[in-house]
Amino acid sequence: MLKIYNTLARDKQQFVPIEPDTVRMYVCGMTVYDYCHLGHARVMVVFDMVYRWFKASGYNVTYVRNITDIDDKIIRRAAENNESIHTLTQKFIDAMHEDADALGVQRPDHEPRATQFVPEMLQMIAKLEANGLAYQAADGDVNFAVRKFDGYGKLSGKSLEDLRAGERVEVASDKHDPLDFVLWKHARETEAEEVKWDSKWGKGRPGWHIECSAMGSKLLGDHFDIHGGGADLQFPHHENEIAQSEGAHQCQYVNYWMHNGFVRLDNEKMSKSLGNFFTIREVLKQYDPEVVRFFILRAHYRSPLNYSDAHLDDTKKALDRLYTALKGVSTEKGEGGRVKGVDWNEPYALRFKAAMDDDFNTPEALAVLFDLANEVNRSQSAESALQLKALGAVLGLLQREPTEFLQGGSVAQGSDDALIAAQIVARNEAKQAKNYAEADRIRKALLADGIVLEDSAAGTNWRRV
RNA sequence: GGUGCGUUAGCAAAUCGGUUAUGCCCUGGAUUGCAAAUCCAGUUAGCCCAGUUCGACUCUGGGACGCACCUCCA
């Protein structure tokens with residue numbers, strides 16, 4: 001029985017889908033004006049894990065992760081680069097896909113781009129206006145009237161009074177209420193035609209919040225199961241989505257709200273505005289992408305995750321242990337020669353499932369994998385090894401050839417394979433001649449290059465540190 | 001200022017009112033020419049104070065510290 005921590009309820013709740021055996025989930029994706037950083041990597045990996053677990057649990061899942069390809073930052077960046085919005089966003093969408101692919105993140109079923117759903121957004125704004133929840137201000141912007149929507153603040157646990165007391169920003173005077181937010185931004189003279197759409201309120205472009213509401217209901221319906229995103233989107237973005245969608249459709253918007261924790265650097269949230277971030281591609285120059293994925297899944301998705309080289313090094317060693325267990329045990333085929341999936345009746349799998357069903361407790365699920373690896377090491381059982389690999393697959397891990405991972409695991413530098421092989425031959429000749437000084441010299445020299453030799457009955461293997 | 005979350009061994013990180021988390025590091029043993037890998041055994045916990053309880057890391061109250069949101073942000 002799957003339980004999910006629902007931000008809306010501030011509690012773990014049993015997951016009951018709206019339609020039996022079906023999950024419809026929406027996750028706020030990226031605004032594509034720059035390369036993705038590790039914070040983005042965490043959202044992608046976490047919800048990829050969620051997506052995979054629902055599928056492994058037998059649900060039909062429709063997963064939508066949007067792309068914001070129109071907003072102030074994009075417009076500014078395009079102007080700086082002297083390129084079109086489309087050129088800029090396409091470049092970073094491509095880069096995002098490269099990064100996601102490297103991290104083993106499966107493509108969502110839909111990746112809607114905001115610019116392709118402007119008519120739906122306009123329809124929704126019209127509904128809100130008809131329902132008395134939106135108004136056009138003197139400056140031409142169409143705003144949402146926060147005061148008119150009962151229950152504003154139910155997701156973030158904030159009252160309008162609290163919010164008002166904490167106001168830190170000068171408010172545009174044309175709003176009826178300082179907390180009203182924009183649905184439709186009127187076009188500015190200086191802006192390119194590319195960022196202007198016609199509407200009954202005049203030329204303009206959509207506000208950020210309406211994008212997700214419109215794309216969500218278009219692709220998943222007015223009421224769907226799960227909505228996810230980073231914890232920083234809880235307020236105001238998700239709060240505003242609820243107000244818009246429920247205000248327009250007059251029904252519950254989302255049943256379960258899921259928010260992942262931040263990636264931190266030196267105990268501080270990694271973010272664009274603080275400038276303390278590493279892009280995914282920077283990190284992948286130094287670490288194997290599977291190590292990065294494993295690093296993210298080693299923490300519970302709601303916990304903070306501190307990034308440091310020491311932690312990544314630690315993670316690499318941990319993953320080495322799992323791949324080492326798989327090495328040398330045939331995992332190609334199960335009994336009777338068929339390719340085997342998870343045997344869900346087996347004790348380790350039951351523990352794994354219990355962990356995952358408990359609000360996607362991946363650290364606990366991974367602990368089960370380490371216990372299973374220990375079992376594989378002891379028994380050298382192909383069945384156990386297959387089970388380990390199959391459970392790894394559920395998390396998008398352990399699917400490579402162990403040797404390929406262990407020998408390329410940290411991003412390759414120095415010695416090439418042929419050279420290493422030659423050194424091993426030379427060392428084994430020295431060993432046969434009982435010239436251990438020479439054998440040890442060769443081993444030490446390789447170690448200096450990050451190559452560890454392992455002698456076994458079957459011969460000498462090597463791996464990278 | 002308001003609101004929310006967190007504080008577990010050297011580091012990272014889970015579970016749980018009473019029974020070995022797990023990974024890395026460390027110690028001893030087995031194995032090895034010596035190592036590495038592996039196996040076995042072991043060391044190191046629960047921010048502070050008070051309460052509830054036969055028993056609390058786990059529940060309650062108070063305090064300290066940290067982080068986040070209240071502005072664009074994954």
The side chain of [X] is closest to which nucleotide in this list: [options]?
X        : options                : result
A:Lys317 : B:rC24, B:rA68, B:rU22 : B:rC24
A:Phe370 : B:rU22, B:rA68, B:rC24 : B:rU22
A:Lys269 : B:rA68, B:rU15, B:rC11 : B:rA68
A:Val263 : B:rU22, B:rA74, B:rC70 : B:rA74
A:Ala439 : B:rG33, B:rA68, B:rA14 : B:rG33

Hey, are [X] and [Y] close enough for a salt bridge, meaning a charged N less than 4.0 Å from a carboxylate O?
X        : Y        : result
A:Arg147 : A:Asp177 : yes
A:Asp141 : A:Lys175 : no
A:Asp314 : A:Arg298 : yes

(request) Hey, which sits more toward the 5' end of RNA chain B by its nearest nucleotide, A:Arg351 or A:Tyr33? (result)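 Here A:Arg351 is the residue nearer the 5' end.
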Using a cut-off of less than 4.0 Å, is there contact between a side-chain N or O of [X] and OP1 or OP2 of [N]?
X        : N      : result
A:Asn377 : B:rC39 : yes
A:Arg298 : B:rC24 : no
A:Arg378 : B:rC40 : yes
A:Asn374 : B:rU38 : no
A:Arg443 : B:rA35 : no
A:Thr362 : B:rA13 : no
A:Lys444 : B:rC34 : no

(message) Could you check whether the side chain of A:Asp455 and the base of B:rC34 have a donor-acceptor pair of N or O atoms closer than 3.5 Å, going by distance alone?
(response)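 Answer yes: a donor N or O sits under 3.5 Å from an acceptor.
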(request) Kindly indicate whether the side chain of A:Asp314 and the base of B:rG23 share any N or O donor-acceptor pair separated by less than 3.5 Å? (result)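 A donor-acceptor contact between them is present.
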Using atom [atom1] of [X] as one end and atom [atom2] of [N] as the other, report the distance to the nearest whole Å.
X        : N      : atom1 : atom2 : answer
A:Glu438 : B:rC34 : CD    : P     : 19 Å
A:Asp440 : B:rA36 : CG    : P     : 12 Å
A:Leu305 : B:rA68 : CG    : C1'   : 15 Å
A:Asp313 : B:rG23 : CG    : P     : 18 Å
A:Leu453 : B:rA36 : CG    : P     : 12 Å
A:Arg10  : B:rU3  : CZ    : C1'   : 8 Å
A:Leu322 : B:rC24 : CG    : C1'   : 13 Å
A:Glu454 : B:rA36 : CD    : P     : 10 Å

(message) Would you call the rings of A:Phe15 and A:Tyr256 parallel, tilted or perpendicular, taking 30° and 60° as the class edges?
(response)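 Answer is tilted, since the angle falls between 30° and 60°.
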(message) Does the plane of the ring in A:Phe235 sit parallel, tilted or perpendicular to the ring in A:Tyr152? Use 30° and 60° as the thresholds.
(response)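 Because their plane-to-plane angle is over 60°, the rings of A:Phe235 and A:Tyr152 count as perpendicular.
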For [N], give its Watson-Crick or G-U wobble partner with both distances under 3.5 Å, or none.
N      : answer
B:rA14 : none
B:rU3  : B:rA68
B:rU19 : none

Under 4.0 Å between any heavy atoms, over every strand shown, what does [X] touch: base, sugar-phosphate, or nothing? Just pick one.
X        : result
A:Thr315 : nothing
A:Gly39  : base
A:Lys434 : nothing
A:His37  : base
A:Lys431 : base
A:Asp371 : sugar-phosphate
A:Arg427 : base
A:Thr324 : sugar-phosphate
A:Tyr436 : base
A:Gly228 : nothing
A:Asn260 : base
A:Met44  : nothing
A:Ala318 : sugar-phosphate
A:Lys158 : base

(request) Sort out for me which residue in A:His238, A:His110, A:His227 forms a ring pair (Phe, Tyr, Trp, His ring centres under 6.0 Å) with A:Tyr26. (result)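 For A:Tyr26, the ring pair (Phe, Tyr, Trp, His ring centres under 6.0 Å) test succeeds with only one of A:His238, A:His110, A:His227, which is A:His227.
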(message) Can you check the distance between B:rG18 and B:rC57, where both ends of the measurement are the P atom (answer in whole Å)?
(response)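 Between the two P atoms, the distance is 10 Å.
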(request) May I ask you to establish whether A:Lys431 and A:Tyr436 are in a cation-pi arrangement, using a distance under 6.0 Å from NZ or CZ to the six-membered ring centre and at most 45° from the ring axis? (result)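 No, A:Lys431 does not lie over the aromatic ring of A:Tyr436.
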(request) Compare every heavy atom of A:Asp69 with every heavy atom of A:Ala114, then report the nearest pair and how far apart it is. (result)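 Minimum heavy-atom separation between A:Ala114 and A:Asp69: N-OD1, 3.3 Å.
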